[in-house]
Number of protein chains: 2
Amino acid sequence: MSAPSLSLDEFVCFAIYTANGAFNRAYKPALNAIGLTYPQYLAMVALWAKDGVTVGALGEQLFLESNTLTPLLKRLEAAGLVTRQRDAEDERQVRVHLTDEGRALRLKAASVPESIVGALGSAAAPEDIGRLRDEIARLRDALNAR
Amino acid sequence: MSAPSLSLDEFVCFAIYTANGAFNRAYKPALNAIGLTYPQYLAMVALWAKDGVTVGALGEQLFLESNTLTPLLKRLEAAGLVTRQRDAEDERQVRVHLTDEGRALRLKAASVPESIVGALGSAAAPEDIGRLRDEIARLRDALNAR
DNA sequence: TGGGATTAAATCGCACGCGATCTATTACCT
DNA sequence: AGGTAATAGATCGCGTGCGATTTAATCCCA
């Protein structure tokens, strides 16, 4: 009895793994133009929506730990987009605030998503994309709940 | 006119980004048990299906370049799972062959997918998973075609 | 109130992933 | 045949991701 021959294309995880890489590549040109990496862009999107959060709270949104976020945020700080300062109430926590430059970047980044929609539109209708997004998030949450 | 407030949850790319991380975490215990990382496991799955391929051909399946694959394959070689040797016909190419140990690992890895089906089943029916997989692959291919 | 648990970040090491570049081999073309 | 272009991998540097550990601050509770 030999093991059955599995194709990578049968794995959902592989579709997601490769789709993630494809998104990364697709975003790259637009993100290069504003000097952000893909994870940095996601962090900035979160901060544009809600500023002054702790590293932990930001990590909860991004599903990342401080061991990933701290260096990333230090780079955003070095780029002049955010500040990192200890919370006076609880000095274990570090709060991340946008600088004026960080807020200003939001306008320049406004066209970033548009650089992708064209390619997506050729593969699925907008409402299908939305449903797909929610189904994928469902899978993610089920896995994370384990 | 300020830019509209976007939530990360509205981005398909974010759902895929975080789902990829969730799969990575979900696979980790089973993969640790057989001494593979997630990308190494994907490479082995490809090799179990078709052996003796070139680095380039393997990269085409995995959507990876030699700058990622070469170090990964060297680690698999160091682990005794594959051999890497120049093609005698065309010495620019390197062919990757499974060792006996590499082939044997396939049996031990047979239970790896099962370790996550349970979690997936609680989020979607098997036929929905299959459809989802194909839709995600469609998105990926549309992005890569740009 | 004192001191051990808990918590939040930071740090370190390792494995991707990729842009840019380099090297070696083969293809091509007159 | 000879020289240039094209191709396949390898190498290097940098930015994630994450397990494991460390440091510092706060909590808790007898």
Could Glu127(A) and Arg131(A) be called an ion pair, given the rule that one side-chain N must be under 4.0 Å from one carboxylate O?
no
Between side-chain atoms of residues 34-48 of chain B and protein atoms elsewhere (two or more places apart, or another chain), which donor-acceptor pairs fall under 3.5 Å?
residue, atom, partner, partner atom, Å
Thr37(B), OG1, Gln40(B), N, 3.2
Tyr38(B), OH, Cys13(A), O, 3.4
Gln40(B), OE1, Thr37(B), N, 3.1
Trp48(B), NE1, Gly102(B), O, 2.9

How close or far is atom P of dA8(D) from atom CG of Leu73(B), stated in whole angstroms?
16 Å
Both Thr54(A) and Arg75(B) contact DNA chain C. Which one's nearest nucleotide lies toward the 5' end?
Thr54(A)
Please state how far atom CG in Leu31(A) lies from atom C1' in dG15(D), giving the value in whole angstrom units.
14 Å
Salt bridge (charged side-chain N to carboxylate O under 4.0 Å, His left out) filter on Asp9(B), not counting sequence neighbours, yields none
Side chains of residues 64-82 of chain B: which donor-acceptor partners sit under 3.5 Å, not counting sequence neighbours?
residue, atom, partner, partner atom, Å
Thr70(B), OG1, Ser66(B), O, 3.0
Glu77(B), OE1, Arg84(B), NH1, 3.0
Glu77(B), OE2, Arg84(B), N, 3.4

For Arg95(A), give me all partners under salt bridge (charged side-chain N to carboxylate O under 4.0 Å, His left out), at least two apart in sequence or on another chain.
Asp87(A)
Distance check needed: dA9(C) C1' versus Leu58(A) CG, whole Å only.
13 Å
Candidate nucleotides dA10(C), dT16(D), dA10(D), ranked by approach to the side chain of Gln40(A) - the nearest
dT16(D)
Integer-rounded Å distance: dG17(D) C1' and Lys74(A) NZ:
17 Å
Would you give me the side-chain donor-acceptor pairs under 3.5 Å for residues 111-125 of chain B, sequence neighbours excluded?
residue, atom, partner, partner atom, Å
Ser115(B), OG, Val112(B), O, 2.5
Ser122(B), OG, Ala119(B), O, 2.8

Do nucleotides 17-27 of chain C as a string where each nucleotide becomes B, S or -: B if the base has a protein heavy atom under 4.0 Å, S if just the sugar-phosphate does, - if no protein is that close.
BBBB----BS-
For Gln93(B) and dT7(D), is the shortest distance between a side-chain N/O and OP1 or OP2 below 4.0 Å?
no
Sugar-phosphate only, base, or nothing, as touched by Arg95(B) at under 4.0 Å among non-hydrogen atoms
nothing
Could you check how far CD of Gln85(B) sits from P of dA8(D), rounded to whole Å?
19 Å
OH of Tyr27(B) versus C1' of dG17(D): gap in Å, rounded?
19 Å
Take the protein atom CZ of Arg86(A) and the nucleotide atom P of dT26(D), then report the distance between them rounded to whole Å.
10 Å
Does Leu8(A) reach the side chain of Leu62(B), with side-chain heavy atoms less than 4.5 Å apart?
yes
